[in-house]
Amino acid sequence: MAETLIELARVTKHYKRDAIEIPVLDEVTLDIARGEFLALMGPSGSGKTTLLNLIAGIDRPSSGKVVVENKDIARLNEKELARWRARHVGFIFQLYNLIPVLNAFENVELPLLLTSLSKKKRRDHVMTALSVVGLEERVNHYPRQLSGGQEQRVAIARAIVTDPTLLVADEPTGDLDAKSADEILDLMKRLNEEFDKTIIMVTHDPHAAGYAHSVLHLEKGVLSKTGGVYEVPTAHN
Amino acid sequence: MAIPLKYNLRNLFVRRVTTLMTVFTVALVVAVFIAIMSLANGLSSALVSTGSPENVIAIRESSQSEVQSSVTREAFQIIQTLPGVARDPQGKPLASAEIAVLVNLPRRGSGEPSNVTIRGVSEAGFALRPLVKIVAGQMLRPGLGEAIVSRKIADRFESTEIGETIHLGRRDWKVVGLFDAGGTAFDSEIWSNVNDVADAFDRLNYSSVLVRAENVAARDQLASRITGEQRLKLESKPEVTYYEEQTSVGGPIKALGIFVGVILGIGACFGGMNTMYAAVAYRTREIGTLRALGFSKASILTSFVIESVIIALIGGVVGCILSIPFNGIATGTTNFRTFSEVAFSFRITPDLVISALIFAAIMGVFGGLLPSRLAARMPITKTLREM
């Protein structure tokens, strides 16, 4: 049986808008195994991005525990959580979120600036990450000089350059044409299978979800089947 | 490690129009600050740098300056006999009895009258002030009504060029030479022989006595001796101290410089703040991304403050460059101790430039602090939603 990497226990999240409390997640309990490629699906406002943010340590639960590699990240203070994210999480965003004034190399290098690696080692890591995504020829290109698909590949290189424990992707193909989307999903699948990366992906797109090992559905902040993981039959698996 | 500096520099270039506008605002403030402070600087330096370290000046007790003072001829004789007074190679005491009189002269161009000091000096007066050098014409001769004029005064007042005649007191004075006093207070004076001045202005007594001590160490002792001599009823101090005490004339200008600088600086801070708020709004998603990647709140805050300081420092440098033409411009004001014209030049010194750059950096820090704090404190999830 695969080792549990992420453990969510009775996680709730609500936001306050003026005096009104808006519930987003309701007692979500879930285990995610190391090496998993999990897709989170659900309608808009179902809480899937919030769930992803909690796992990635960029948001905190209102109650419950979020344990990653046996560490309750909800208990970490702001500084510790930032350090934890830098070490353990690779982010892939829908709009790529590259820094426009930095070129591909510099964008990928950003997370490494938070490590103690030497300049040469950083360079080696960046070049490795860019070669994994097939963009080693585009190191000096700025985001505006790249296509959407290429930008997302640079973003993926940035996400994997520190060799994080898990990759979180929020609608990674949401802004791409079908061909580029497939290339990105193929790349993510490769990262999962060849490099054994645990990936949690939020998506609206059943086609994208088809690349994942398993799919979880969220509806109004509640998992369709608490603690469970649905196996989705797909041509891509 | 902090967010790389190239991130800030390239962003400044990307938003170059806004950056340039802010740079220009800071530059103007810095230029005005430097201009006013260089005015105060020039005035102070004209007075501070006046005087030889071994010289002692004696004036009447409680007099604020030579102009209000009176020293009898007997007192001058007594001073020359005091121990500790230096002597020339011929054995004569190095002491100069002097008369300083305020005269009214029309300015060049406007014709507006202003007070200028005419100083009657003894022969030793020149030896006591080695900085004073004839730069055109010749040295005055006693008894002939000849005068020499500082070049700065000749530039600013009518009928004071070589060969011209000015009517002062009861006689006409022929200008026979121009002198340069090395930027000291004597650059604001007209000099003649002490006896000629006494005759022309009906002065029985002198205004002051300037005397050289045997050495710097003996100077204070000589000053105390003159002050303590009951027969004289004089107050004596080192010449350098006497002129330093007059630097208070620069005080109001300095205060004005700081006041105007601070008021304009606050305005520039708001300009910088506006620019930085716009920068934060424009880069909200980038800030969220950097935070998500693991950059701390402190590094975001520092990065944006540094960006603001960079803008301000560029503005500071431009301001310094803009102010360079002021350097050396000659002007004058009234010394309220002597009620006479002090000629001096705007003086931009390295210290002033450093102060101006520090002032610019402070504007940058204050202008950038609040927007940077906002950038650092935005919730990551909210910033990532920004389009």
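Remember, predicted model here, so these are calculated numbers, not experimental data. Only heavy atoms go into these numbers, but all of them, side chains included; no hydrogens, no water, no symmetry mates. Below, chains carry the letters A, B, ... as their sequence lines are ordered, and counting in each starts from 1.
- Scanning all heavy atoms of the two residues, the minimum distance from F93(A) to A292(B) falls at CZ-CB, 4.2 Å.
- Chain B forms the most heavy-atom pairs under 4.5 Å with one residue out of T162(A), N97(A), L102(A), T50(A), and that residue is N97(A).
- When all heavy atoms are compared, the tightest approach of A86(A) to G294(B) is CB-CA, 4.0 Å.
- Listed for the R85(A) side chain is no donor-acceptor partner under 3.5 Å among the backbone atoms of L293(B).
- Other residues, nucleotides and ligands place no more than 12 heavy atoms under 6.0 Å from the CZ atom of R373(B).
- Few gaps surround CD on Q145(A); more than 12 heavy atoms of other groups in view lie less than 6.0 Å from it.
- Around CZ of F195(A), the count of heavy atoms belonging to other residues, nucleotides or ligands within 6.0 Å exceeds 12.
- Proximity to chain A involves both the backbone and the side chain of R291(B), based on heavy atoms less than 4.5 angstrom apart.
- Note that CZ of R285(B) is 4.5 Å distant from CG of L95(A), once rounded to the nearest 0.5 Å.
- The distance from atom CZ of F91(A) to atom CG of L384(B), rounded to the nearest 0.5 Å, is 8.0 Å.
- By number of non-hydrogen pairs under 4.5 angstrom with chain B, the leading residue of R87(A), R83(A), E106(A) is E106(A).
- With a 4.5 Å cut-off on non-hydrogen atoms, Y142(A) touches chain B through its side chain but not through its backbone.
- Proximity of P100(A) to E286(B): side-chain heavy atoms (C-beta onward) are separated by under 4.5 Å at one or more points.
- Heavy atoms only, all atoms of each residue included: N103(A) and R10(B) are closest at N-NH1, 4.2 Å.
- Within residues 51-71 of chain A, the residues having any heavy atom under 4.5 Å from a heavy atom of chain B are, by residue number, N53(A), I58(A), D59(A).
- Within residues 147-160 of chain A, the residues that have a heavy atom under 4.5 Å from a heavy atom of chain B are R158(A), listed by number.
- Interface residue L290(B): only side-chain heavy atoms are found under 4.5 Å from chain A.
- In F105(A), the CZ atom is crowded: over 12 heavy atoms of neighbouring residues, nucleotides or ligands sit closer than 6.0 Å.
- Atom OH of Y282(B) sits in a sparse spot, with 12 or fewer heavy atoms from other residues, nucleotides or ligands closer than 6.0 Å.
- Heavy atoms from other residues, nucleotides or ligands lying under 6.0 Å from CZ of F37(A) number more than 12.
- Neither the backbone nor the side chain of Q94(A) comes within contact range of chain B; no heavy atom of the residue lies under 4.5 Å from a heavy atom of that chain.
- Residues Y7(B) and I99(A) share a closest heavy-atom pair of CE1-CG2, 3.3 Å.
- Of all heavy-atom pairs spanning L113(A) and P4(B), the tightest one is CD1-CD, 3.5 Å.
- Looking only at side-chain heavy atoms (C-beta outward), F13(B) and V101(A) stay at 4.5 Å or farther from each other.
- Here the straight-line distance linking atom OG of S299(B) with atom CG of L114(A) works out to 7.0 Å at 0.5 Å rounding.
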